[in-house]
S.K.: 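Can you keep this structure in mind? I'll have questions shortly.
Keep in mind the model is a prediction, meaning the values are calculated, not measured. Residue numbers start at 1 and run along the sequence shown. Just the heavy atoms: all of them, side chains too, but no hydrogens, waters or symmetry mates, feed the values below.
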Amino acid sequence: QALLLRPPAMSVHTLPSAAEHMPNLQAAKVLLRGHLDARSYGPCIAAAGALVVPHAFDATTDLRLAAALALAQTFGLLDAGRAGLAVELVRAGLAGAADAAIERAEPDAVLAWCTAAAEWCERNGLDHEFSRLQPRAAMADANAAASPWARVHWRIAAAWHHDWFGRRGDVAALLDDALVLARAAEDIGLQVIVQMKLARLALARNDPAAAVALARRAAVHADEATSPLWLADAADVEARAALVRGDMHRALQQARRAGGLADLARATPSYAFTYRLYEAYALLALGAWDDAVALVHELAAIDLPAGMRQRTALLADLFVLVRDERTEGGWSAAQVDRLRVVLARLRQVDWPGVLPVLPAHVARLWARALEAGVESDWVRASIVSRDLPPPEPAWPDGWPWSVRVSVLGPFRCSVDGVDLSSGGGKAAGKPLSLLRRVAVEGGFEGVAVDLLAAALWPGEGREGRD
């Protein structure tokens, strides 16, 4: 059957026979397998060069071709002309143009489309469009003809979409189910991929030890010749875990190892983006300010989806502010103006958790913002939600302390804005009396317990002293 095709030159051609379409479909299958198996990216690059973009979806459109184009566009494998056409095709498919093809397709083809489209939605920040995929994928997943490979990869893609939108409970359930399916299929490759995703979930749950253990267990099955991307993922987990632990030298070493393995696997800049980003974080944490700023600006120049590009540009501006705050010895009016612009943009994209692995650096900038009265409500909400420690020794008055104790003048204590020093009976007064003694007399050395007990419960054998 004939398909209408639009090659990069934008002209419309009719494909004369199904036989001539087979190389295009075969290339799509190779790209899907190569990308989702995530061993090496060389086959994906070769396959992407053979892809031709259909003019539009119809009932005969093979969903695997559309899926491959979605992945190829997302990860920078298409030239500008085909990339633009692929975006049009994917958007149309998500809006309903793929529905007729979904009704006719075999379950693995449906799951391939849903998996690739879910990745595309995640990278482009589209949650409503993803919700249309879920019932379609559920029907295909329930079909006895669906392969474990397709079912596992749908769960992985759906899990990371949910993670991006903060639905962590869904992430754990999907990945646990994916691991059960991979083990039942006795497919080592699937098990490795799921374990790597579980390692990243452990990082999100602030359990770096569990993350590293999972990644190392999975990496046992990898080697540089056949699966360098598996090793790159393991190194990336090690880098992130080291950042969480504060071991910045190891973080830099592992991030650079991940980047080198990605180069060995011929991964595109878009694919290797996160590896390089954690290298930039490590450089910033180590005080290599100019190197960090140069690297994040390099990342901002990559052809990324609009949402990622916007956030990377924000990171580049933040890196410059961090460098200037640490190196210029002062905070000028021009820097305050730049901070005001960046914070307004962060508020607009709802990104209070920016620079998650560098809380001390964020705290210094947020303190500067409070001192200058810049986006004060948003900044305080970010501090509270992240439980950021204040930068020492400069503790700004506007910092949202949970507990405030005043000992200059009348003693006062408030918790979350509620004054505790003026109410309460005799029993409630003892903890406040204890706090007052420690605050006034403790200094940096503290106060001996026996002296506190004698002061609060004077006399011999007084009840409560023990």
Side-chain angles (χ1 to χ4, degrees), residues 8 24 27-53 64-87 89-90 112 115-125 153 156-157 160 164 193 196-197 200 222 224-237 239 255-280 294-313 315-316:
N24 196 32
K29 292 178 179 178
V30 169
L31 192 147
L32 281 168
R33 175 69 67 169
H35 174 82
L36 295 175
D37 282 350
R39 292 173 179 266
S40 179
Y41 228 60
C44 299
I45 295 172
L51 293 178
V52 182
V53 186
R64 286 165 295 196
L65 174 57
L69 287 164
L71 293 174
Q73 187 276 327
T74 299
F75 292 95
L77 291 168
L78 300 176
D79 56 76
R82 287 186 300 158
L85 295 174
V87 169
L89 183 76
V90 175
T115 298
E119 285 202 35
W120 198 87
C121 287
E122 177 204 333
R123 285 235 164 180
N124 288 277
H153 281 295
I156 292 172
W160 289 115
W164 179 255
I193 293 167
M196 289 296 186
K197 303 301 183 184
R200 287 192 166 88
E224 291 186 5
T226 64
S227 47
L229 281 180
W230 290 357
L231 294 174
D233 280 344
D236 182 55
V237 170
R256 285 178 169 169
R257 172 172 163 76
L261 287 162
D263 290 342
L264 182 64
R266 299 182 64 195
T268 63
S270 179
Y271 190 99
F273 172 83
T274 55
Y275 304 150
R276 304 292 309 283
L277 179 59
Y278 281 89
E279 179 184 348
L295 178 52
V296 78
H297 275 89
E298 181 184 328
L299 296 175
I302 295 174
D303 185 17
L304 298 166
M308 291 183 65
R309 189 164 59 249
Q310 181 184 28
R311 290 189 173 223
T312 308
L315 282 178

S.K.: How close do L51 and A72 get, counting heavy atoms only, and between which atoms?
M.R.: CD1-CB, 4.2 Å
S.K.: Tell me the closest heavy-atom pair linking T226 and P228, and the distance in Å.
M.R.: C-CD, 3.6 Å
S.K.: Quick one: does R257's side chain have a donor or acceptor within less than 3.5 Å of a partner on A235's backbone?
M.R.: no
S.K.: In the structure I gave you, are the side-chain heavy atoms of L261 and Y275 within less than 4.5 Å of one another anywhere?
M.R.: no
S.K.: Of all residues at least two apart in sequence or in a different chain, which pass the ring pair (Phe, Tyr, Trp, His ring centres under 6.0 Å) check with Y278?
M.R.: Y281
S.K.: Please round to the nearest 0.5 Å and tell me the distance separating atom CG of L36 and atom CD1 of I193.
M.R.: 7.5 Å
S.K.: Go through the structure and list residues passing side chain to side chain contact (heavy atoms under 4.5 Å, CB included) with V296, not counting sequence neighbours.
M.R.: L315, A316, F319
S.K.: From M308 CE over to T274 OG1, what is the distance, rounded to the nearest 0.5 angstrom?
M.R.: 8.0 Å
S.K.: Can we say D236 and R200 salt-bridge, meaning some charged N sits less than 4.0 Å from an Asp/Glu carboxylate O?
M.R.: yes
S.K.: Run the side-chain hydrogen bond (donor to acceptor under 3.5 Å, both in side chains) test against E298 and tell me which residues pass, sequence neighbours left out.
M.R.: R276
S.K.: With a sphere of 6.0 Å drawn around CZ of R266, does it hold more than 12 non-hydrogen atoms of other residues, nucleotides or ligands?
M.R.: no
S.K.: Quick one: closest heavy-atom pair of A67 and L32, and the distance?
M.R.: CB-CD2, 3.8 Å
S.K.: Can you name the side chain to side chain contact (heavy atoms under 4.5 Å, CB included) partners of R311, sequence neighbours left out?
M.R.: W164, W351
S.K.: Partners of R33 by salt bridge (charged side-chain N to carboxylate O under 4.0 Å, His left out), sequence neighbours excluded?
M.R.: D37
S.K.: For A47 versus A27, what's the shortest heavy-atom pair and its separation?
M.R.: CB-O, 3.3 Å
S.K.: Could you list the residues that satisfy side chain to side chain contact (heavy atoms under 4.5 Å, CB included) with A300, not counting sequence neighbours?
M.R.: T312
S.K.: Tell me whether the count of non-hydrogen atoms from other residues, nucleotides or ligands lying under 6.0 Å of CG in D263 goes above 12.
M.R.: yes
S.K.: Main chain of M196, side chain of D233: is a donor-acceptor contact present, judged purely on distance under 3.5 Å?
M.R.: no
S.K.: Indicate yes or no: at least one non-hydrogen side-chain atom of L77 is less than 4.5 angstrom from one of I45.
M.R.: yes
S.K.: Looking at CG of L71 and SG of C44, how far apart are the two atoms once the value is rounded to the nearest 0.5 Å?
M.R.: 8.5 Å
S.K.: Looking only at heavy atoms, which two atoms of Q73 and A83 are closest? And how far apart?
M.R.: CG-O, 3.6 Å
S.K.: Between the side chains of E119 and W160, does any donor sit under 3.5 Å from an acceptor?
M.R.: no
S.K.: So which heavy atom on A262 is nearest to which on L229, and how close?
M.R.: CA-CD2, 4.3 Å
S.K.: Cut-off 3.5 Å, side chains only: do H35 and Y41 have a donor facing an acceptor?
M.R.: yes
S.K.: Could you tell me the separation between the CG atom of L31 and the CG atom of L69, rounded to the nearest 0.5 Å?
M.R.: 8.5 Å
S.K.: Mind checking whether R123 and S270 have side chains closer than 4.5 Å, heavy atoms only?
M.R.: yes
S.K.: Could you check whether any side-chain heavy atom of T268 comes within less than 4.5 Å of a side-chain heavy atom of F273, counting everything from C-beta outward?
M.R.: no
S.K.: Given side chains that start at C-beta, do those of T115 and H153 come closer than 4.5 Å, heavy atoms only?
M.R.: yes
